[in-house]
Protein chains: 2
Amino acid sequence: MISRFSGSTSLGGGPDSPGAASISPSGASTPLGADPTPLGGGPASPGDGSADRGGSHLARLARLLADDTRATFCLALLNGQAWTAGELARYAGVAPSTATEHINRLIDGGLLVEARQGRHRYVQLASPDVAQLLEELTAHLDPPRPPARSLRQATASAALARGRTCYDHLAGRLGVEITGAMTRTGLLQQRTGFALTDAGLAWLTETLDIPAAELRESRRPLARACLDWTERRPHLAGVAGARICRYLMEHRWVDRIGSGRAVRVTRAGEVALADLLGIDPAAIA
Amino acid sequence: MISRFSGSTSLGGGPDSPGAASISPSGASTPLGADPTPLGGGPASPGDGSADRGGSHLARLARLLADDTRATFCLALLNGQAWTAGELARYAGVAPSTATEHINRLIDGGLLVEARQGRHRYVQLASPDVAQLLEELTAHLDPPRPPARSLRQATASAALARGRTCYDHLAGRLGVEITGAMTRTGLLQQRTGFALTDAGLAWLTETLDIPAAELRESRRPLARACLDWTERRPHLAGVAGARICRYLMEHRWVDRIGSGRAVRVTRAGEVALADLLGIDPAAIA
DNA sequence: CCGTCGCTTCGGCCGGCGCCGAAAGGACGC
DNA sequence: GCGTCCTTTCGGCGCCGGCCGAAGCGACGG
């Protein structure tokens, strides 16, 4: 399926560009004259034209997201699904050729992977790790919420604030509310960190029918906090968060709205959540 | 002291991606034959110059780190201390005037704060949140470790890999080892998330003499995982991580090496760590 | 087999931005 | 007061990179 990997499974950037072997990360040469100061001094020794104290790696990653169009692509892909090149182009409002170039860069940079099917090129985030990276970044930039300028936007933002997916788990008021309810009912504890309690572990296997083996064996953390973007409070992510989200979707207690990230709690879902976790339907309406 | 803030206390402005409509990708359904871009003026409508689906906010943040020099500055500041403009300039190997411009951008972007003293301009990371952001980013980019090209570099990298600070807590083999020891001795549990145990909480207040009130009242999480950059395993961060680091430094069980992030365990420290947590000195030598 | 459609390649344009050096502005110390 | 030192401002240079449109390629589907 997925056919094109960048050299590394993770970010670091695979020199695997389609065209040529160009690459050559950031200005390696540094012709600027000089050079001075061969390390005579202490640790923070100045000079050394070929500095590169590791900043170039961070910068290379940041550069991938430093463009409005690429950032928009990544945010769109945070819904966890695959999009075609054309869809992304229309979504971001750029020409198809422009989209192609951006997609290539994102793939080469290891943020995306692709799967070609016929004349379509599907891309999606390379891994849950990448999704986590994006979550973390967006969590660090939100505070002041800008008011929507049109009714459409207002409606859309309200829907997103109410409930949405964060790649593979639930977020928004819905996600935070579920997390809060789990904490109140002793399934989760946030007092000394962020972890499921033993009761919480039992709840996942017994009530949600999730195989204990799966919970144990995953390489990903069972539970971790993901700072909610609209609520400014943590919600549950990690394997447990993903399984809960999947469970609710499978039972149609939560439905996606359109193709974006927004979700809605169904009638049956309200009943189920009140029943399972004692969540007041009004809190997530 | 700190005199210059960017407009926002935090980073960027709030995004918002109206995920309302657009198209549904997903190989399965593929309803896309018909009707690309319905909904007049809808989300994915091209030509609409005002696209901006929130990507611009993410991009603005990323742009701050998308330059080698700025990224180098930020990484340097991750040692948690304040640096002068000139120190940063020499460290990164750029002219003082260039450094000034970068520092201005970082301050305006909310990543740094400054304190002017006489003819010096001291800057440091704006908050632990920013430090966390940087940690998260660096954690997501390391995998392939580039070999050092010179003996100096090799020595420096080895020192960093052995032990360093990660803004306000310990990282490197030392940090991971402490975290591991705490887990083995039942002070910390990572089975169902990442949190201190009750024994761990008691250990902090009793053995380390940290006021219980301080642990309770902090806005920051008591314990959180920070993915270690060289070890590829989590180490302890959050209030507990910071206090442990401070405690070890105050007792001179751990010393800074030079002005960078590297630290070293002292003789007395080896004894103390073996005594407190059963850490084998060889493991952190 | 041919038209359509999605994607890609290529050339060209343009703006942004990172860099520097020279010169100026303050602080400090003598 | 007068050098010295740290920092800033300004002008100028050059390149990178994002954008588009036109043309080409390959997959479908009649």
Side-chain angles (χ1 to χ4, degrees), chain A residues 4 17-20 22-27 29-36 46 49 51 55-56 59-60 63-73 83-90 92-109 114-123, chain B residues 4 23 25 27 30 32-37 46-47 49 51 55-56 59-60 62-73 83-90 92-109 114-123:
Chain A
R4 179 190 200 167
S17 71
S22 61
I23 295 303
S24 160
S26 42
S29 47
T30 313
L32 62 118
D35 168 19
S56 65
R60 181 142 33 105
R63 217 168 295 142
L64 289 174
L65 299 172
D67 172 80
D68 287 11
T69 302
R70 283 194 298 275
T72 300
F73 283 8
W83 294 52
T84 67
E87 285 167 349
L88 287 173
R90 284 190 298 275
V94 296
S97 55
T98 302
T100 291
E101 291 169 358
H102 287 305
I103 290 172
N104 287 342
R105 285 194 61 172
L106 290 169
I107 290 176
D108 289 343
E114 70 177 1
R116 303 189 106 112
Q117 276 179 36
R119 52 187 167 186
H120 295 281
R121 179 194 205 181
Y122 287 94
V123 293
Chain B
R4 177 187 198 167
I23 308 226
T30 315
L32 53 118
D35 181 18
T37 332
S56 65
R60 181 142 33 104
R63 219 162 359 231
L64 289 175
L65 300 172
D67 172 79
D68 286 12
T69 301
R70 283 195 299 273
T72 300
F73 283 8
W83 293 52
T84 66
E87 283 168 350
L88 287 173
R90 283 190 299 277
V94 297
S97 56
T98 303
T100 291
E101 290 169 359
H102 286 306
I103 290 173
N104 287 342
R105 284 193 61 171
L106 290 170
I107 289 176
D108 289 343
E114 71 178 1
R116 302 190 107 111
Q117 275 179 36
R119 52 186 167 186
H120 295 281
R121 180 194 205 179
Y122 287 95
V123 293

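FYI, side chains are in, hydrogens and waters are out, and symmetry mates aren't considered; it's all heavy atoms of this structure. So that the names make sense, note that chain A is the first sequence line, chain B the second, and so on, each numbered from 1.
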*Asks:* Between atom CG in A/Leu64 and atom P in D/dC16, what is the gap in whole Å?
*Replies:* 17 Å
*Asks:* CD of A/Glu87 versus P of C/dC5: gap in Å, rounded?
*Replies:* 16 Å
*Asks:* Take A/Val123 and A/Glu87, measure what side chain to side chain contact (heavy atoms under 4.5 Å, CB included) needs, and give me the verdict at the end.
*Replies:* CA-CA 10 Å; A/Val123 293; A/Glu87 285 167 349; over 6 Å; no
*Asks:* Could you encode protein contacts along nucleotides 17-22 of chain D as a string, one character per nucleotide from 5' to 3', using B for base contact, S for sugar-phosphate-only contact and - for no contact, with a heavy-atom cut-off of under 4.0 Å?
*Replies:* SSBBB-
*Asks:* Can you name the closest pair of heavy atoms from B/Leu64 and B/Gly109 and give their distance?
*Replies:* CD1-CA, 3.7 Å
*Asks:* Rounded to the nearest 0.5 Å, what's the gap from CD1 on A/Ile103 to OG1 on A/Thr98? Could you check?
*Replies:* 10.5 Å
*Asks:* Whether B/Arg121 contacts D/dT8 is assessed here as follows: a side-chain N or O lying under 4.0 Å from the phosphate OP1 or OP2. Is that the case?
*Replies:* yes
*Asks:* Which listed nucleotide (D/dT8, D/dA27, C/dC7) is nearest to the side chain of A/His120?
*Replies:* C/dC7
*Asks:* Given side chain to side chain contact (heavy atoms under 4.5 Å, CB included), test B/Asp68 with A/Arg63 step by step and report yes or no.
*Replies:* CA-CA 10 Å; B/Asp68 286 12; A/Arg63 217 168 295 142; 2.9 Å; yes
*Asks:* Can you tell me how far CG of B/Leu65 sits from OG1 of B/Thr72, rounded to the nearest 0.5 angstrom?
*Replies:* 11.0 Å
*Asks:* What residues form a salt bridge (Lys or Arg N to Asp or Glu O under 4.0 Å) with B/Asp67, not counting sequence neighbours?
*Replies:* none
*Asks:* May I have the distance from A/Asn104 (atom CG) to C/dT9 (atom P), rounded to whole angstrom?
*Replies:* 7 Å
*Asks:* Provide, to the nearest angstrom, the distance between the CG atom belonging to B/Leu65 and the C1' atom belonging to C/dG18.
*Replies:* 16 Å
*Asks:* By nearest atom, which of the nucleotides D/dT4, D/dC28, D/dT7 is closest to the B/Arg119 side chain?
*Replies:* D/dT4
*Asks:* Taking the side chain of B/Thr100 as heavy atoms from C-beta outward, which of C/dC7, D/dT9, D/dC5 is closest to it?
*Replies:* D/dT9
*Asks:* Side chain to side chain contact (heavy atoms under 4.5 Å, CB included) with B/Arg121: which of B/Thr84, B/Leu88, B/Ile107?
*Replies:* B/Ile107
*Asks:* Over how many whole Å does the gap from B/Arg116 atom CZ to C/dC28 atom P extend?
*Replies:* 13 Å
*Asks:* Just how far, in rounded Å, is P of C/dG18 from CG of B/Leu106?
*Replies:* 10 Å
*Asks:* Take atom CG of B/Leu88 and atom P of C/dC19, then tell me their distance rounded to the nearest Å.
*Replies:* 13 Å
*Asks:* Whole-Å distance between C/dA27 C1' and B/Tyr122 OH?
*Replies:* 13 Å
